[in-house]
Amino acid sequence: MLDVPRDADADTIKKAYRRLARQLHPDVNPDPATQDRFKEVSAAYEVLSDPQKRAAYDRGGDPFGGFGGGAGAQGQGFSFTDIMDAFFGGQGGAAGGGRGPKSRTRRGQDALIRLDVDLAEAAFGASRELKVDTAVVCSTCHGDGAAPGSRPVPCETCRGAGEVAHVQRSFLGEVRTLRPCAACRGFGTIIPDPCRECAGDGRVRSRRTLTIKVPAGVDTGTRVQLSEQGEVGPGGGPPGDLYVEVQVADHPVFTRHGNDLHCAVTVPMTAAALGTTLTLPTLEADVEQGADSGVETSFELDIEAGTQSGASRTLRGRGVPGLRGGRGDLVVNVAVETPGRLDPRQEELLRELAALRGEESPTGQVKAASRSVFGRLFGH
Ligand SMILES: [Zn+2]
Ligand SMILES: [Zn+2]
């Protein structure tokens, strides 16, 4: 418009305007086309010479203030946005940004709820019904907050702009600032007859029952995202998301370490020495299965002859399925139980065994304490 670079300083702008004004001024050149051009140039200078208006323009807003993009209302009889469109490829007021009344409609907040599941549900997935309390769109006013038969009306204080100018005189000159309009709280409209159901908020709280699919492999702290099931926004704005945070209850047998499961079995000293076969439950046994489902509810574990207390056995693929596929292991820690309270016959047999093994007066092997045995035993 003024034929100056985008980042021109105040002095350059002033000089450019004076040069153009000399050519276009009505006293010099009264024809209508030239006068339109003079109005445009003057308007452009008005914006660029005023730091606040220039800042608004630089931000992409409408420097004539407050009517939102496209409205372009001001007194010169032409639209400021048209000038900007013509000279800056539609990036002026047409972008619709900047200041002006704020919308009553906003996106709702995300919501977070906790869901307690047992270990088998976490491992194999589950479908659960959950009651959630969130804001939903008010069915009486459909979100606009106005009682049926009424409508929001433009605010008279700010004439719909949502903001009002405050002018202060100081020794530096007039300082003009825009503040949100107190009468309409910046919305630019007033709801004269608020909806009685939602008190004008456009939304009400409601309890719903949702069916939540818990994917296999979740752990404590895993969040399942349910898009747009969160709080509806003010003014009937789009809902946020609902996050369901999983909390896995402790299991009486299995302790979870990532996708591995740990458990401990105790075997008598004689069984550890001679070897045996144990029947252990699977985690699948916790899930109700049909009789012919083919799901293993138990499995056999061979304890080899000579198994030591603290030994552990790792059973591949008997742990928890991973969220991204694969499956963890089951680690079985073996504790050997020493018999107590021997009757005379048992004691006699053990003494005979000790004599046969030359263990009547053992010295004991002293070595560094093994944290690993302790750790394995207790699953730390
Ligand atoms: Zn309502
Ligand atoms: Zn207002």
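These numbers come from a predicted model, not from an experiment.
Residues D302 and E300 are not in side-chain contact: their nearest non-hydrogen atoms beyond the backbone lie 4.5 Å or more apart. Side chains of I190 and E156 form no contact here, defined as non-hydrogen atoms less than 4.5 Å apart. With contacts defined as side-chain heavy-atom distances shorter than 4.5 Å, the pair D260/V320 does not qualify. With contacts defined as side-chain heavy-atom distances shorter than 4.5 Å, the pair F254/L330 qualifies. Contact annotation: the side chain of R128 approaches that of L115 to within less than 4.5 Å [non-hydrogen atoms, C-beta and beyond]. Side-chain contact check for K213 versus S127: some heavy-atom pair is nearer than 4.5 Å. Contact check for K102 versus F187: side-chain heavy atoms found under the 4.5 Å cut-off. With a 4.5 Å cut-off on side-chain heavy atoms, T140 and R196 do not count as touching.
Contact record, V248 with A122: CG2-CB, 3.7 Å, taken as the closest heavy-atom pair. A pairwise comparison of heavy atoms in I191 and G200 identifies CD1-O, 4.2 Å as the closest pair. Heavy-atom minimum distance, L350 versus L342: CD1-CD1, 3.6 Å. For R341 against Q346, the heavy-atom pair with the smallest separation is O-OE1, 4.1 Å. Shortest non-hydrogen contact noted between V137 and G236 is CG2-CA, 4.3 Å. Closest of all the heavy-atom pairs between V224 and P215 is CG2-CD, 4.0 Å.
Distance alone, capped at 3.5 Å, is enough to place a donor-acceptor pair between the R203 side chain and the V232 backbone. Side-chain atoms of D241 do not come within 3.5 Å of backbone N or O of D110 as any donor-acceptor pair. Between the side chain of R313 and the main chain of V334, no donor-acceptor pair closer than 3.5 Å is present. The backbone N or O of E296 lies less than 3.5 Å from a partner atom in the side chain of T282, making a donor-acceptor pair. With hydrogens and angles ignored, the 3.5 Å screen pairs no side-chain donor or acceptor of S298 with any backbone N or O of P281. With hydrogens and angles disregarded, no donor-acceptor distance shorter than 3.5 Å links the side chain of R151 to the backbone of A146. With D201 contributing its side chain and P234 its backbone, the two residues share no donor-acceptor pair below 3.5 Å. Of the possible donor and acceptor atoms, none in the side chain of T297 sits under 3.5 Å from a partner among the backbone N and O of A285.
Cluster membership check: V132 shares its hydrophobic cluster with V244, using side-chain heavy-atom separations under 4.5 Å among Ile, Leu, Val, Met, Phe, Trp and Tyr. L178 and V175 fall into different hydrophobic clusters, where Ile, Leu, Val, Met, Phe, Trp and Tyr side chains are chained together by heavy-atom contacts under 4.5 Å. Linking Ile, Leu, Val, Met, Phe, Trp and Tyr residues whenever their side-chain heavy atoms come within less than 4.5 Å leaves Y243 and V136 in two separate clusters. Tracing side-chain contacts under 4.5 Å through hydrophobic residues (I, L, V, M, F, W, Y), one never reaches L112 starting from V117; they form parts of separate clusters. Residues V214 and L323 share a hydrophobic cluster, clusters being chains of Ile/Leu/Val/Met/Phe/Trp/Tyr side chains in contact below 4.5 Å.
If you take CD1 on I113 and CZ on R223, they are separated by 11.5 Å, rounding to the nearest 0.5 Å. Between E337 atom CD and M269 atom CE the span is 10.5 Å, to the nearest 0.5 Å. Of the inter-residue distances, the one linking I303 atom CD1 with L278 atom CG reads 4.5 Å to the nearest 0.5 angstrom. A distance of 8.0 Å separates CD of E228 from CZ of R107, quoted to the nearest 0.5 Å. Atoms CG and CG, from L283 and L119 in turn, are 4.5 Å apart once rounded to the nearest 0.5 Å. If you take CG on L261 and CZ on R327, they are separated by 8.0 Å, rounding to the nearest 0.5 Å.
Under the side chain to side chain donor-acceptor pair (under 3.5 Å) rule, T134 has a single partner from R208, E231, Q109, which is R208. Each of D250, D118, D219 was compared with R256 under the salt bridge (Lys or Arg N to Asp or Glu O under 4.0 Å) criterion, and only D219 meets it.
Counted within 6.0 Å of CZ on R19, heavy atoms from surrounding residues, nucleotides or ligands total more than 12; the atom is thus considered enclosed. Within a 6.0 Å sphere centred on CD of Q308, other residues, nucleotides and ligands contribute 12 heavy atoms or fewer. Enclosure of atom CD in E360 by more than 12 non-hydrogen atoms of other residues, nucleotides or ligands within 6.0 angstrom is indicated. Shown here is D3, whose CG atom has no more than 12 heavy atoms of other residues, nucleotides or ligands within 6.0 Å. Counted within 6.0 Å of CD on Q247, heavy atoms from surrounding residues, nucleotides or ligands total more than 12; the atom is thus considered enclosed.
Between Y17 and Y45, the ring-plane angle classifies as parallel under the 30° and 60° cut-offs.
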Point to revise | T307 and V267: CA distance, side-chain angles, deciding distance, side-chain contact (heavy atoms from CB on, under 4.5 Å) verdict | key: CA-CA 10 Å; T307 292; V267 294; 5.8 Å; no
